[in-house]
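Notes to accompany the following structure.
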Amino acid sequence: SNSETTGSNNNEENENNEQANIEGDLSFYTSQPDEDAQKLVDAFNGVYPDVNVEIFRSGTEEVVSKLLAENQAGEVQADVLLVADAVTYENLKSEDLLLPYKSEEASEIPEAFVDKDEMYTGTKIMATVLAVNTEKVTDLPDSWSVLTSEEAKEQSVMPSPLYSGAAAYNLGVLTRNDEFKWDFYNGLKANDVMITEGNGAVQQAVAAGEKSYGIIVDYLVARAKAEGSPIDLIYPNEGVPVITEPIAITKNTKNEAAAKAFVDFVLSEEGQQLAAEIGYTPIRKGIDAPEGLKTIEELKVLDADLSEMYKARESDKEQFSNLFGDH
Amino acid sequence: MARSATNTGNNVLKYSPSFLKALVFFLVILVFFIPVVRLIILSFNSENGLSLDHYYEVLHNPVTWKTIYNTFIIVTGATLISVLLGLLTAWIVAYTNIKHKKLLQVFIFLPFVIPSYITTLAWTQFMGINGPIAKILNILPGNLEPINLYSLTGIILVMGLSHYPLVYLLTVGVLRKIPRELVMAANVSGSSKFTSFRKVTMPLALPGIASGGLLAFLASLDNFGIPAFLGIPANIRVLSTYIYEQIIGFGPSAFAKGATLSVILGFFAIIGTLIQWLFLRRSKQFETSREDKEPRVILSKKRRLIIEGVLWIFLIVTSIVPLLSMASTSLIRAYGLDFTLQNLSFKHYEFILFSSSKAQDAIQNSLQLALVVTFIGIFVGTFIAYIRVRKPSLFNKTIEVIIGIPYALPGTVLALAMIFTWLEPIPGWNPGIYGSILILYIAYFTRFLILQIRGSVTSLLQIDVSMEHAARTSGATPYHKWRKILIPLILPGLLSGAFLVFLTALTELTVSSLLWSSGSETIGLVIYNFEQAGYTTNSTAFSTIIVLLILIGFSVIYLLQKLWERKVLQNGYRD
Amino acid sequence: MATEIKNISKVFGSTHALNSINLSIKDGEFIAILGPSGCGKTTLLKLLAGFEYPSDGQIFIDQQCVGEKNNSTPPEKRNIGMVFQSFALWPHMDVKDHIKFPLLHHRFLADDLKNNIEKRIEEVLNIVELQSLSKRMPHELSGGQKQRVALARAIAPKPALLLMDEPLSSLDAELRMEMRKEIQSLHRLTGATIVYVTHDQEEALAMADRIVVMNDGQIQQVGTPREIYYQPNTEFVAKFVGKANLIKGEWINECTFRPHDNTDHSLWINIDASPHLRAKNLCPIRPEQFTLSATGSGIEGIIKNVQFQGKEIHYTIDIGSDFITIHEDSQNNNFSVGDLVTIHLKHSEHIAKPTLNYVKSKNS
Amino acid sequence: MATEIKNISKVFGSTHALNSINLSIKDGEFIAILGPSGCGKTTLLKLLAGFEYPSDGQIFIDQQCVGEKNNSTPPEKRNIGMVFQSFALWPHMDVKDHIKFPLLHHRFLADDLKNNIEKRIEEVLNIVELQSLSKRMPHELSGGQKQRVALARAIAPKPALLLMDEPLSSLDAELRMEMRKEIQSLHRLTGATIVYVTHDQEEALAMADRIVVMNDGQIQQVGTPREIYYQPNTEFVAKFVGKANLIKGEWINECTFRPHDNTDHSLWINIDASPHLRAKNLCPIRPEQFTLSATGSGIEGIIKNVQFQGKEIHYTIDIGSDFITIHEDSQNNNFSVGDLVTIHLKHSEHIAKPTLNYVKSKNS
Ligand SMILES: Nc1ncnc2c1ncn2[C@@H]1O[C@H](COP(=O)(O)OP(=O)(O)OP(=O)(O)O)[C@@H](O)[C@H]1O
Ligand SMILES: Nc1ncnc2c1ncn2[C@@H]1O[C@H](COP(=O)(O)OP(=O)(O)OP(=O)(O)O)[C@@H](O)[C@H]1O
Ligand SMILES: [Mg+2]
Ligand SMILES: [Mg+2]
């Protein structure tokens, strides 16, 4: 039956059959911005009108906390989960909270972004990039090294890995890459980088010209730039860490059919097209990235071993904390 | 507490229908006690059953001690600033003949309704290297620099300034109720104005100061926004941010460690409550208590103008500047652009008002939540306050402590505790409360009831028991005693409490962000969503709309009050 | 309402405010409770009203136990009215509302009052002479006006038991006299039982059917005004009610007394005193029973204090072993401080023996 | 402190509490302000203390203007002490703290007090007889005990001007007598100026150097106790201070009066009355100047009310055109309500003419 659920299949009859079987409530926990999640659900309902999708949206950290708390309190209420980074899913996997599911659509997705245990699959590409304030920086840099140079002294800003999962992921990746290691963070520290709670504050600081440079996820910058903020994004030539907002089905889902249909839809061409329209770099091959962002093919991705990063997450954070602690 | 109060209080419980007593008891246990207990149990939970492992680990970590130290300094400092400012402003408004008190009052409340990240942002800009303070200091001789807000001092300052309205609100009514003859008696005894204030007014205003101070203290303990904004760049941890770090950590003990730290934070809350009791120990009721709004200190015109000037500058800096900075951000086409004519646009407002159905739903949801919780809170809170004041037994005092804890816990922790409690109140049975909007009602009630209790306690502490006795010898039933005597007499404090509940519930975020479900988004959540999605301009536009709505609400109430007064005056004998 | 107080004690912390009080009040009786500051009058009243629990003992109203340790019928279920010593006016209500309140809420209100509330308010306002102030708030009233409001509120619903705690202490003599009359006529008309606390013996003597004299949390004597006045049972009552001088000497027989300090050792005959005082060799003589002269035989002394009181002058005389108070008509010869004087019993050497029989009080 | 009150008025909303009051108080004088409930006594005191501004007029202390419209020296800068009618005790301080407070803060405190605060506290506690209650909080005190604390607080620092608002109204007769003496000896010893508000004419007569009788916001008469008592200037003073009956009739000459209702049309000779009363054809006779008999000639009437007052019995007699009050010795023949009686002037037909000269009061 898997073949029938492909989004690219336009066989009306099949689809109608399929919809007849797929119905009921579906609880969708996500860290995507509310509006984006709503668009996704609306599009999904366009295909599966009988599924009533309940969205819970919050920051990745909150979503995961909620999920874990539910698990401890009795049972997980979510059916489908879509949050920021793969390392988080490694954590959930180790807690035995996920249902293995290999979507047909996953074949179109780069292998690196599909879990080898088939527990989760990446849904889009979010690169962490270098943001600059265009009023203060006229000579656009092309390397992360600008952050450790004299120019950026007291002029850069980054989110704290202690509070942001995405930043923690970047920390894991960068410190495991030969070009960076801990030296990069030492350099940032020497340059008095400002550390904020999350990506939003980085965007504000750079857009407002309070700081010239920022380490930040790409789509925030692209959006602000499109609105007209004096901010621009740069993909440094060393490459960028990417997070993929993976999607997964929870182990105790009460509506497995709908959950699977939802996952398929997100990964399908239609779903990916939608992501691009909203302003994200799609993960599926062959779909154009929105204006101002690079497609997965154009990107040079920095990555590291996920399970290692998962195991080292707490010690990475601690090391970070110690490094920046002795102010 | 007064021995006589103890004795007479017996009657109260005796004659109120016993099911009411049982109901309140049950409610308190269920709503307040269980989440706290769940949290405590969690902190003892480890892989090998109940143990002190987490305490051992947490307390052996120097970071914990550093964090506790920071928390202590910040919370104490901020509370002191709040109390000082709150008392000072309350004194000026209650006693002097300055003008436009109603308007002043509105601006004193503003910091309370403007989202704290906006206030903080405005402050950092204000105090920043390019801000106005720096420019003024540059002109002045000497090498003066503005205070670095990313520091302990900065956090203390901003937190103190954010919470002083709590003290103000609970103190101003108390000050007005102090019979002026008590201060006159001090004056004829030869004491200066200041000594009279210190030795008579202050101790008599303690119910308000202590209540307000306690709330400011608890609010500082739970505050996440300010230490996150100002503390993370300076690598300053406080318990609330540290707990958050633990909770989002990986591994099976993440929650347990968070819970352990929460228990430590709970200790702070209890100590705060105990200190407050200490202050209230000697406070006694006066025989009559009337809101006396006539000024008691007549300032000469020159002095009055000076005080008004200083006060307005203070309010401009603490309320109007953040408000304007928020409003100006919302009017700019895109964040970061200069505030020039060609960059101005109303599109964010258009979006909020006409395109975003979420925003309107959120206003409706939040209003409904806030109203219902306020309304129920008035009854339950006042009832508990009454029992607490008239019969201060150990049991009732314990209840007071427990009810205070949810307000002091970081929102995330409380939300988790709510999940633990309400997902399956009885293991294996999910009544569906969690997952519906009901959980938000319960959570808000749990978190904010203390505000109502403090407001009501403050007022009740000023009502002499003879007021009730007179009603009862006149044959009044408990219902009529409340309706005609007690309620009118405690109304100002009661409304202060209700007002605080309403405003905080209206813009609540942290608890809701874990507990909401489809269709129950609140104002706070929508603002947070915009913010997270990078739409700062939308979020400020929405915040501005909310603040404007609240201001309109104030004005309507003010006008109604004016109308009512006029009607009463027309019918009354007074000219 | 017949009220029976049985062995009541009340302790505040370490203070024994009341010490095994026994008292029975008949239906329709007017009882005055008289005693010095701090003797427990207010406390007793509060127990009767039901605000305080006795630490020990019981209170019965109409044979029903309404108050004992840890159990008490609430005030609103007793058919009572009360004037508080501290007035206890409600700061948010005007004078009229104060009077209206019990008329709206009292559970035992007679139907004719219930149906004519406005009329009753007018009536009561007239009684306390506050017609023109009916719209004033408490803080706009003088001390005496406040007290009258407190009085008005208590009497408005014509309760069966009216408890009054010094209801006239802030009023001037004339107004007090009028209020006394009003309270008496209220008593006559409604047949209410009245328990009236006062520290003013004249008030008690003038108004009450029976007087309860208290001291230090204990009852000293219970009796009619004349009993209390003419036959004080204890030194305290003699001094407190009659302001009597307790002269030391010897009792020759039941009505003959030889004062120690009399210069001519003459006897005072036809004198009356309670056995208790006789046993102590004391003879109670009230200030107006003495008279002063510059010469002659009697008790000698030096004037220490002179107080002009209008129709009388009060002298305090040092007789060496004691001080004696004497009230003289102010029209008579006036003496000044320092004068040497002689003290005599008035009306030659005898005092009319009151006609009533000596009644031993139940409590002493 | 010499105090001069010039043309003071005070208006609350539409109430004229004081109406152009003029009064000068000499240094060291003991002034009693006497008047019925609501006449403005407390208001006057508050103006003297500096809590209220006069609506009109000025107050001078030692030639310095301390109070006029919109300008007033604050109370703490005046060398004063005050007893409040409502006590104004601080609920958070115990008895001792109340007394200590002015000793710590009064600016005009003499050095010997300043250096012996504990001793002074003991002294004052002794005066008001509260030694054993020094650690009590106000809510643990009885009404009279509270009033004594208020008194103690005011007198402790020995201020130059002592303002007292009915400081003894809640005390029993005996204690009141003692307190009176204490206040008088305080007055003698410290030479303080005292302004003493009371509604009790006996208190005023006994203690004051001069009495100010007020009614309705106006001064009726100022004079020494004897002047006020024997030569009331107005009907009000005659009634209020002497409780006098104002008998209608004709004045034959300055000291001979023919009452209208006398059955035998006899004259009363050697009678004294102020020109004001004479002009109104009224003769003031105080209750004790009359006597009653069952027969004989005089004014006839019916007894309407009888009040036993201990040594006296007070009768109210309806003589048709008026009511007359008479105080009879309670040892004399007793009459009952309804009895037909005849009223005579005592001491045959004459009243001793007081020796002092008639003094016309400045204010009336
Ligand atoms: N709450 C209390 N705590 C401690 N002692 C108290 C309390 N209330 C009253 N007392 C004491 O009990 C005694 C009796 O008080 P009560 O008020 O009955 O006196 P009272 O006879 O009414 O006196 P007064 O004429 O002065 O009003 C007093 O000595 C008083 O100090
Ligand atoms: N704040 C006020 N507003 C209106 N009227 C007032 C106010 N204060 C006092 N009065 C009125 O002014 C008049 C004088 O009051 P004051 O208190 O001076 O009387 P008093 O002579 O002290 O009487 P008492 O012996 O009853 O205490 C009274 O009629 C009173 O009702
Ligand atoms: Mg009393
Ligand atoms: Mg007065």
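Note that the structure is a prediction, hence the values are computed from the model and not measured. Lettering follows sequence order; numbering is per chain, from 1.
- The side-chain heavy atoms of B:Asn187 and D:Pro74, taken from C-beta on, include no pair separated by under 4.5 Å.
- The number of heavy atoms from other shown groups lying within 6.0 Å of CD (D:Gln63) does not exceed 12.
- A donor-acceptor distance shorter than 3.5 angstrom exists from the side chain of D:His92 to the backbone of B:Lys199, with no hydrogens or angles considered.
- Interface remark: D:Lys77 contributes no atoms to any contact with chain B (heavy atom separation under 4.5 Å).
- Enclosure of atom CZ in B:Arg198 by more than 12 non-hydrogen atoms of other residues, nucleotides or ligands within 6.0 angstrom is indicated.
- For chain B, no part of D:Arg78 is nearby; none of its heavy atoms comes within less than 4.5 Å.
- Neither the backbone nor the side chain of D:Pro159 has a heavy atom closer than 4.5 Å to any heavy atom of chain B.
- You'll find the side chain of B:Ser192 stays beyond 4.5 Å of the side chain of D:His105, heavy atoms only.
- With chain B as partner, the option from D:Gly81, D:Ala88, D:Ala49, D:Ala154 having the largest number of non-hydrogen pairs under 4.5 angstrom is D:Ala88.
- Between the CD1 atom of D:Ile80 and the OG atom of B:Ser189 there is a distance of 9.5 Å, given to the nearest 0.5 Å.
- If you measure heavy-atom distances from D:Leu109 to chain B, you find no contacts under 4.5 Å at all.
- Of the inter-residue distances, the one linking B:Arg180 atom CZ with D:Phe51 atom CZ reads 11.0 Å to the nearest 0.5 angstrom.
- Counting non-hydrogen atoms of neighbouring residues, nucleotides and ligands closer than 6.0 angstrom, the CD atom of D:Gln64 reaches no more than 12 such neighbours.
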#### Entry: Step-by-step side chain to side chain donor-acceptor pair (under 3.5 Å) determination, B:Glu181 to D:Ser86
CA-CA 8 Å; B:Glu181 292 197 337; D:Ser86 59; 2.2 Å; yes
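- In terms of modelled atom types and a separation under 3.5 Å, the side chain of D:Trp90 and the main chain of B:Leu182 share a donor-acceptor contact.
- The shortest distance between side-chain heavy atoms of B:Ser191 and D:Glu76 does not fall below 4.5 Å.
- For D:Lys69, the NZ atom is loosely surrounded, since the number of other residues' heavy atoms within 6.0 Å does not exceed 12.
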